[in-house]
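Before I ask anything, let me first share the structure, which is written out below as structure tokens.
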Amino acid sequence: MSSNPVAETVSSLMPRAKEELTALVAFKSVADFGQFPRSESVGAANWIASALRAEGFQDVDLLDTPDGTQSVYGYLPGPEGAKTVLLYAHYDVQPPLDEAAWATPPFELTERDGRWYGRGAADCKGGVLMHLLALRALKADGGVPVHVKFIAEGSEEQGTGGLERYAEQHPELLAADTIVIGDAGNFRVGLPTVTSTLRGMTLVRVKVDTLEGNLHSGQFGGAAPDALAALIRVLDSLRAEDGSTTVDGLASDSAWEGLAYDEEQFRRDARVLDGVELIGSGSVADRIWARPAVTVLGIDCPPVVGATPSVQASARALVSLRVPPGVDAGEATKLLQAHLEARTPWGARVAVEQIGQGQAFRADTTSPAYQAMADAMAVAYPGEEMQYAGQGGSIPLCNTLAALYPRAEILLIGLSEPEAQIHAVNESVSPEELERLSVAEALFLRNYAAG
């Protein structure tokens, strides 16, 4: 990175950033209070609120959102007449999954092989630190040249829409000229990337019932309808032979125009086992950024250990469907529900309950903010040109903000590059990426203010 005061300041702040990320990762802030204490999320929210107050933010508040969680808000005034930029991150995290599979404890930030490991290190507590580092660097080098609104969501990973509903009820609160969503990531470490599209999503719970109660498989098996077998059949109907998603009535042939994703690179990034084929058709980018994708997230059925010789009376599953830009998530939900109901065999009773939903997003990459970010990234990543990529994941808040503030420019950057392994065991963040992206964000704010 070429020498400049902002970069030098960020570099000097990295030891402090590691200490702060260690403190923030220690909070087990999973916004599923049936699994983790609410006090852990409250502690993380209060930590961020204190950090904002220490940086001179005004009106710092913990917002009680309709889904029962809290988002942290603060306002940092800039020069009179300056533009307003909203900086977004979220402090809630995914559950750690199998804690025994982590090489080090998931809620203890641990340095190993040049990376910092811990749940939320990249997604998205590292994003909170990225914003703070950028602002601190600007304050040390002449001041922050824009008005800054800061919002840290408390339930993004749950998809329950708390902050979206709150924003709709308080439309002036998050109004800004430009919005920087710090919850995406570079295409690979060292390649500066903005995410120009996000797939939307719908999440449903499907339940199949066939009997009043379980039956002895020897006495009744072969004629009594098995609810688990029926559920397996209907779930299998959601995929073609090659693994492509097949929801009746939902188009699945769109093509991605932009950055290509090499198949061998994808195999390495996804850690696909030797000899196992990728699923679907078209390019990798088509499959993960431009087409729908169904995933069975979980099934309620007897575990192998302790199973009895029984015909199952009831079974259920949690199903996620990612939908690309151009497809309405509500319509996709209706098609998914109709598919599940129509494909359930043997006249079994089926109930489909929607759990969550978010619309897809497509950014306007021709806007002045994107040029300001491209110029900033060229300095933070010498010799590299900013790339545009899609992201298969969903950030439902993006569409809510786009609808509330149609003139606002929205950029997505962040720390969730492939090596970060977000949502999996051994999630980590590259401290070099944290440093470079903090520099890029600081320079972006300066460029944008001058534009």
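Scope of the values below: all heavy atoms of this structure, side chains included, with no hydrogens, waters or symmetry mates. What you are looking at is a predicted structure, and each value in this text was computed from that prediction instead of being measured.
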query = Is the number of heavy atoms from other residues, nucleotides or ligands under 6.0 Å of Glu172 CD greater than 12?
reply = no

ask   = With sequence neighbours left out, what residues match Thr202 under side chain to side chain contact (heavy atoms under 4.5 Å, CB included)?
value = Val204, Leu321, Thr333, Leu336, Gln354, Gln357

ask   = Going by atom types alone, do Asp64 and Gln70 pair a side-chain donor with an acceptor below 3.5 Å?
value = yes

Note: Glu417-Arg188 ion pair, threshold 4.0 Å (strictly below) = no

note = Which of Glu433, Glu419, Glu427 passes salt bridge (Lys or Arg N to Asp or Glu O under 4.0 Å) with Arg115? Answer is Glu419

ask   = Under 4.0 Å between a Lys/Arg side-chain N and an Asp/Glu carboxylate O for Arg267 and Asp269?
value = no

request  = Would you tell me whether Glu153 and His90 have side-chain atoms, one donor and one acceptor, within less than 3.5 Å of each other?
outcome  = no

remark   = Closest non-hydrogen atoms of Ala293 and Arg199, given as atom of the first, atom of the second and distance, are CB-NH1, 3.5 Å

request  = Show your working on side-chain hydrogen bond (donor to acceptor under 3.5 Å, both in side chains) between Ser367 and Asp364 and close with a plain yes or no.
outcome  = CA-CA 6 Å; Ser367 65; Asp364 176 10; 5.1 Å; no

ask   = Atom CZ in Arg205, atom CG in Leu297: separation rounded to 0.5 Å?
value = 11.5 Å

Under-4.0 Å salt bridge between Glu168 and Arg165 = yes

query = Are Lys18 and Glu111 ion-paired here, with the side-chain N under 4.0 Å from a carboxylate O?
reply = yes

key: Gap separating the OH atom of Tyr405 from the OG1 atom of Thr400, nearest 0.5 angstrom   = 9.5 Å

task = Taking the six-membered ring for Trp and the full ring for Phe, Tyr or His, determine whether the centres of Phe150 and Tyr88 are under 6.0 Å apart.
result = no

query = Can a salt bridge be assigned to the pair Asp177 and Arg407 using a cut-off of 4.0 Å between side-chain N and carboxylate O?
reply = no

request  = Indicate whether the side chain of Thr160 and that of Asp67 have a donor and an acceptor atom separated by less than 3.5 Å.
outcome  = yes

key: Stacked cation flag Lys83 on Tyr448, 6.0 angstrom / 45 deg   = yes

Lys207 and Glu353 ion-paired at < 4.0 Å = no

task = Check the surroundings of atom CZ in Arg112: do more than 12 heavy atoms from other residues, nucleotides or ligands lie under 6.0 Å from it?
result = yes

query = Side-chain contact, heavy-atom cut-off 4.5 Å: Val30 with Glu157?
reply = no

ask   = Just checking, is any N or O donor in the side chain of Asp123 or Ser416 under 3.5 Å from an acceptor N or O on the other one?
value = no

request  = For Lys125 and Ser29, test the side chains for any donor-to-acceptor distance below 3.5 angstrom and give the result as yes or no.
outcome  = yes

